[in-house]
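To start, the structure itself, in structure tokens.
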There are 2 protein chains.
Amino acid sequence: MQEAIQEILKKNQLSVTGSRVKILELFLDQPGALAHGDIERKTGEKFDRVTVYRTLQVFLNKGIIHSIPTADNSVLYALCKDDCGEGHHHDNHVHFVCDKCGNTVCLDEVTVPAIRLPRGYKFSQVQVVINGKCKDCTRE
Amino acid sequence: MQEAIQEILKKNQLSVTGSRVKILELFLDQPGALAHGDIERKTGEKFDRVTVYRTLQVFLNKGIIHSIPTADNSVLYALCKDDCGEGHHHDNHVHFVCDKCGNTVCLDEVTVPAIRLPRGYKFSQVQVVINGKCKDCTRE
DNA sequence: TTTATTTTGCAACAAAGTTGCATCTGTGTA
DNA sequence: TACACAGATGCAACTTTGTTGCAAAATAAA
Ligand SMILES: [Mn+2]
Ligand SMILES: [Mn+2]
Ligand SMILES: [Zn+2]
Ligand SMILES: [Zn+2]
């Protein structure tokens, strides 16, 4: 785990610091997406709020995490796969928000469908966010 | 115009007040979506910030407007079609954000495609937000 | 170890959103 | 038309969220 984290940071030419390690740990420890608030809570008193903002910003720029738009317009972040890098994201998968348990996950195996746009429109990015009940919440 | 506004409010059992009329006017005056800030600016000094928040909240609940999630996680609102009502929204169309002019529009004629979810997942709502260049910005 | 470069925490601030309450206004009724 | 009442508004105070500048601390390289 610790080696994986070091590797991610090194690969992106980022120095290995307490906050970066801790925040990556949080992402790797669980399968879903995290809000800024979650991170602030889970890191406890350990880091300054500003540091968390700046760390997430750096991770975003480096293509280590991506942000997820949600229907209630809260900001969520999740780990990117290997093919994202500095300046170029390729997170063309669907995001799922469970209305029961509140978790949000990347459905990496579900790619966003092709959509026919009206004449004149050119797309650069398509975001799909699906609300519903996740697989843990439907069986019961 | 004014009659249309009155009708919308009456149909939803809302009293006809200055802020509600003015805000509906703003939505009807243009084809796109509006951010809270846009509305505050365009209503000038006329209404309190809190009133704008509360008016938008009421319109959301009544199904007069819907909110649009965006990639940069800002909050946008746009008029619903007739089939939305109190407690039930049916805005299953695609939203388009132009990266050039900044406008966001509802593509009412583009319905969201069916998406195969992994076993166990049940969807209730699918949001599609597309970034790119709008039809006004591609011709030039 | 020393040094140069980043990163961090702090303070101060700005923007966004919420809540309680007194006052005002729109609407239905007499 | 006048009245009463529910609901809408404005204001103040507050919370939450996000930003910026700068000095101190930590990291990575020499
Ligand atoms: Mn994702
Ligand atoms: Mn729409
Ligand atoms: Zn769930
Ligand atoms: Zn445009």
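Just so it is clear: chains get the letters A, B, ... in the order the sequence lines come, proteins before strands, and each one is counted from 1. None of these values were measured; they are calculated from a predicted model.
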* Let me have DNA chain C in dot-bracket notation, would you? Count Watson-Crick plus G-U wobble pairs, both distances under 3.5 Å, and use [ ] for pairs crossing earlier ones and | for inter-strand partners. => ||||||||||||||||||||||||||||||

* Donor-acceptor contact below 3.5 Å, side chain A:Asp48 vs main chain A:Val50 -> yes

* To do: Not counting sequence neighbours, which residues clear side chain to side chain contact (heavy atoms under 4.5 Å, CB included) with B:Thr111? List them please.
  => none

Determine all donor-acceptor pairs shorter than 3.5 Å in which one atom belongs to a side chain in residues 25-45 of chain B; sequence neighbours excluded.
residue : atom : partner : partner atom : Å
B:Glu25 : OE2  : B:Gln2  : NE2          : 2.8
B:Gln30 : OE1  : B:Gly32 : N            : 3.1
B:Gln30 : NE2  : B:Gly32 : O            : 3.1
B:His36 : NE2  : B:Glu40 : OE1          : 2.7
B:Asp38 : OD1  : B:Arg41 : NH1          : 3.4
B:Asp38 : OD2  : B:Ala35 : N            : 2.8
B:Thr43 : OG1  : B:Ile39 : O            : 2.9
B:Thr43 : OG1  : B:Glu40 : O            : 3.1

* **side-chain hydrogen bond (donor to acceptor under 3.5 Å, both in side chains) against A:Lys22, all qualifying residues, sequence neighbours excluded** => none

* Listed by chain and number, what are the side-chain hydrogen bond (donor to acceptor under 3.5 Å, both in side chains) partners of B:Thr70, not counting sequence neighbours? -> B:Asp72, B:Ser74

* To do: Take atom CG of A:Asn73 and atom C1' of D:dT16, then tell me their distance rounded to the nearest Å.
  => 16 Å

* Rounded interatomic separation in angstrom, taking NZ from B:Lys10 and C1' from C:dG26 -> 10 Å

* Residue pair B:Cys106 / B:Ala78: nearest heavy atoms and the distance that separates them -> SG-CB, 3.6 Å

* Listed by chain and number, what are the side-chain hydrogen bond (donor to acceptor under 3.5 Å, both in side chains) partners of A:Lys62, not counting sequence neighbours? -> A:Glu86

* To do: Can you sort out the partners of A:Arg139 under salt bridge (charged side-chain N to carboxylate O under 4.0 Å, His left out), two or more places apart, ordered by chain and number?
  => A:Asp136

* Asked: How many Å lie between CG on A:Asn12 and C1' on C:dT6, as a whole number?
  -> 16 Å

* Structure fact -> Between OH of A:Tyr53 and P of C:dA11 the distance, given in whole Å, is 18 Å

* Asked: Any side chain to side chain donor-acceptor pair (under 3.5 Å) pairs touching residues 112-125 of chain A, not counting sequence neighbours?
  -> A:Ser124-B:Asp99

* Starting from C1' on C:dA15, measure out to NE2 on B:His36 and report it in whole angstrom. => 10 Å

Under-3.5 Å N/O pairs linking protein and nucleotides 28-30 of chain C:
none

* Structure fact -> Grouping ILVMFWY residues whenever side-chain heavy atoms fall under 4.5 Å, the cluster of B:Ile68 otherwise contains B:Leu76

* To do: With sequence neighbours excluded, tell me which residues meet ring pair (Phe, Tyr, Trp, His ring centres under 6.0 Å) with A:His89.
  => none

* Taking protein heavy atoms under 4.0 Å as touching, what does nucleotides 6-13 of chain D look like 5' to 3' if B marks base contact, S marks sugar-phosphate-only contact and - marks none? -> --SBBBB-

